[in-house]
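Working notes for the structure below.
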Amino acid sequence: MTVTPLGIPRRLLEFTLDGEPVRAPEGSTILDACRAAGKDVPTLCEGDTLTPKNACRVCVVEVEGSRTLVPACSRKAEAGMEVRTGTERARHSRKVVLELLASSVDLSTTPRVAEWLKEYGAKPDRFGPDAARLNEEPRVDNGLYVRDYGKCILCYKCVDACGDQWQNTFAISVAGRGFGARVAVEHDAPLTDSACVYCGNCIEVCPTGALSFKSEFDMRGAGTWDESRQTRTTTVCAYCGVGCNLTLHVQDNEIVKVTSPHDNPVTHGNLCIKGRFGYQHVQNRD
């Protein structure tokens, strides 16, 4: 007989969310409570497998008694608190943040950003073309994935995934200061000369497409990438006995990339180089 551990039950906290009483398990964030209540609060840097960094500030909300807006992704829910998600102050802050990000970074491959820009009436063009933070070609120095710094919003998710939160490889970190800050390997060397083990977990958490499969990058460049024509099939990796789950993204009967379910208790969205990139033999026609 299989026994499923139930764990210690968490106490429910009661507080007010946009004038409505809600309950959330102790330890939940305001963003968790918003999602449970069906409220769409935008966020870019938040990841369900990583500790929040509060970097993008798109998810800010108003909390009664707080002098400043608070990031919903990291602020823990407290009993009796009053939270307002759609006030003029919160919406204006999100608008300005989206304008600043979209004016300085290419967000064309960031999911839902076009929708949010329209919803909040953001106009990134008002800062002019000189607002762009970087003007450099994507780095294609290996056959597995591409680094496009023109799309990087410095959310630190890739650094955390490569560091002590998951992979413990520590191949990348944030180098430089101010407008010169960027995610880089040691001495800003080519990826092939770094400590990178090509697990691709940084790609898994990247919210903007600054890190992408080379297969996806090439298909986007050729104009053939079409997610509406892709199917997703979750299976078990056959390379070893760990039991990692793979989600195969297939377009025109070809595997175009591999991800992993974040709710899987074995992988939590993480894979090794074999699981994420070792799929070519499946479609070898020779």
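Both backbone and side-chain heavy atoms feed into the values below; hydrogens, waters and symmetry mates do not.
Residues Val60 and Leu100 are members of separate hydrophobic clusters, defined by side-chain heavy-atom contacts under 4.5 angstrom among Ile, Leu, Val, Met, Phe, Trp and Tyr. Residues Leu154 and Phe170 do not share a hydrophobic cluster, clusters being chains of Ile/Leu/Val/Met/Phe/Trp/Tyr side chains in contact below 4.5 Å. Tyr239 and Val242 fall into different hydrophobic clusters, where Ile, Leu, Val, Met, Phe, Trp and Tyr side chains are chained together by heavy-atom contacts under 4.5 Å. No single ILVMFWY cluster, assembled from side-chain heavy atoms under 4.5 Å apart, contains both Val258 and Val256. Both Leu246 and Tyr279 belong to a common hydrophobic cluster when Ile, Leu, Val, Met, Phe, Trp and Tyr are linked at side-chain heavy-atom distances under 4.5 angstrom.
With hydrogens and angles ignored, the 3.5 Å screen pairs a side-chain donor or acceptor of Gln251 with a backbone N or O of Thr224. Within the 3.5 Å criterion, the main-chain N or O of Val266 finds a donor-acceptor partner in the side chain of Asn264. Formation of a donor-acceptor pair under 3.5 Å by the Thr169 side chain with backbone atoms of Ala171 is not found in this model.
Lys257 places a side-chain heavy atom less than 4.5 Å from the side chain of Trp225. Here the side chains of Cys199 and Ile273 are not in contact, with every heavy-atom distance at 4.5 Å or above. In this structure the side chain of Cys56 never reaches within 4.5 angstrom of the side chain of Val97, judged on heavy atoms. Residues Pro42 and Arg94 form a side-chain contact, since some pair of their non-hydrogen atoms from C-beta on lies under 4.5 Å apart. Thr85 is listed as a side-chain neighbour of Cys34, based on a closest heavy-atom distance under 4.5 Å. Residues Thr49 and Val205 are in side-chain contact: their nearest non-hydrogen atoms beyond the backbone lie under 4.5 Å apart. Proximity of Tyr198 to Leu191: side-chain heavy atoms (C-beta onward) are separated by under 4.5 Å at one or more points. The side-chain heavy atoms of Leu31 and Val41, taken from C-beta on, include a pair separated by under 4.5 Å.
When every heavy atom of Thr109 is checked against every heavy atom of Gly209, the shortest pair comes out as OG1-CA, 3.9 Å. Looking at every heavy atom in both residues, Leu13 comes nearest to Ala77 through CD1-O, 3.2 Å. Taking every heavy atom of both residues into account, Arg57 and Leu69 meet most closely at NH2-O, 4.5 Å. Taking every heavy atom of both residues into account, Thr29 and Cys73 meet most closely at CG2-O, 3.4 Å. Across every non-hydrogen atom of Thr51 and Gln165, the tightest pair is N-OE1, 2.8 Å. Pairing each heavy atom of Asn245 with each of Leu271, the nearest pair is O-CD2, 3.7 Å.
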Derivation of the side-chain contact (heavy atoms from CB on, under 4.5 Å) call for Asn201 and Cys162 | CA-CA 7 Å; Asn201 294 331; Cys162 185; over 6 Å; no
Would Val250 and Thr231 count as a side-chain contact (heavy atoms from CB on, under 4.5 Å) if you check the C-alpha gap in whole Å, the side-chain angles of each, and the deciding distance to 0.1 Å?
-> CA-CA 5 Å; Val250 178; Thr231 60; 3.7 Å; yes
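Under a 4.0 Å N-O distance rule, the pair Arg84/Glu64 qualifies as a salt bridge. Ion pairing of Lys123 with Glu99 is absent here, as no side-chain N (NZ or NE/NH1/NH2) approaches a carboxylate O to less than 4.0 Å.
Here the straight-line distance linking atom CD of Glu88 with atom OG of Ser93 works out to 12.5 Å at 0.5 Å rounding. Interatomic distance, CD of Glu26 versus CZ of Arg11, reported as 4.5 Å (0.5 Å rounding). For the atom pair Leu101 CG and Leu117 CG, the distance stands at 9.5 Å (nearest 0.5 Å). For the atom pair SG (Cys206) and NZ (Lys151), the distance works out to 9.0 Å, reported to the nearest 0.5 Å. Atom CG in Leu50 sits 10.0 Å away from atom SG in Cys158 (nearest 0.5 Å). From Asp106, atom CG reaches atom CG of Asp148 across 7.0 Å, with rounding to the nearest 0.5 Å.
A side chain to side chain donor-acceptor pair (under 3.5 Å) check over residues 203-220, counting only residues at least two apart or in different chains, returns the pairs Glu204-His262, Glu204-Arg276, Lys214-Asp218, Glu216-Arg220. Sequence neighbours left out, the pairs with a member in residues 38-55 that pass salt bridge (charged side-chain N to carboxylate O under 4.0 Å, His left out) are Asp18-Lys39, Arg35-Glu46, Asp40-Arg112, Lys53-Asp160. Sorted by first and then second residue, the ring pair (Phe, Tyr, Trp, His ring centres under 6.0 Å) pairs involving residues 81-123 (not counting sequence neighbours) form an empty list. Identified under the ring pair (Phe, Tyr, Trp, His ring centres under 6.0 Å) test for residues 121-159, with sequence neighbours left out: none.
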Mind listing the side-chain donor-acceptor pairs of residues 175-189 below 3.5 Å, one per line with the distance, residues two or more places apart or on another chain?
residue : atom : partner : partner atom : Å
Arg182  : NH1  : Glu136  : OE1          : 3.4
Arg182  : NH2  : Glu136  : OE1          : 3.2
Arg182  : NH2  : Glu136  : OE2          : 3.3
Asp188  : OD1  : Arg139  : NH1          : 3.2
Asp188  : OD2  : Arg139  : NH2          : 3.2

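Taking Asp193 as the reference, nothing meets the salt bridge (Lys or Arg N to Asp or Glu O under 4.0 Å) condition, with sequence neighbours excluded. With sequence neighbours excluded, the residues satisfying ring pair (Phe, Tyr, Trp, His ring centres under 6.0 Å) with Phe213 are Phe277. Applying the ring pair (Phe, Tyr, Trp, His ring centres under 6.0 Å) rule to Trp166 yields the partners His268; only residues at least two apart in sequence or on another chain are considered. Legend: residues meeting side-chain contact (heavy atoms from CB on, under 4.5 Å) with Ser28, ordered by chain and number and at least two apart, are Arg10, Ala24, Pro25, Asp32. Partners of Cys155 by side-chain contact (heavy atoms from CB on, under 4.5 Å), not counting sequence neighbours, listed by chain and number: Cys45, Ile153, Lys157, Pro207. Residues satisfying the salt bridge (Lys or Arg N to Asp or Glu O under 4.0 Å) test with Arg133, not counting sequence neighbours, are none.
Counting heavy-atom neighbours within 6.0 Å of Gln280 CD, excluding the residue itself, gives a total above 12. Heavy atoms of other residues, nucleotides or ligands lying less than 6.0 angstrom from CZ of Arg89 number more than 12.
Looking only at atom types and distance, the side chain of Thr87 has a donor-acceptor partner in the side chain of Glu62 under 3.5 Å away.
In this structure, Val70 belongs to a hydrophobic cluster whose other members, linked by side-chain heavy atoms under 4.5 Å apart, are Phe15, Leu17, Val22, Ile30, Val61, Val63, Met81, Val83.
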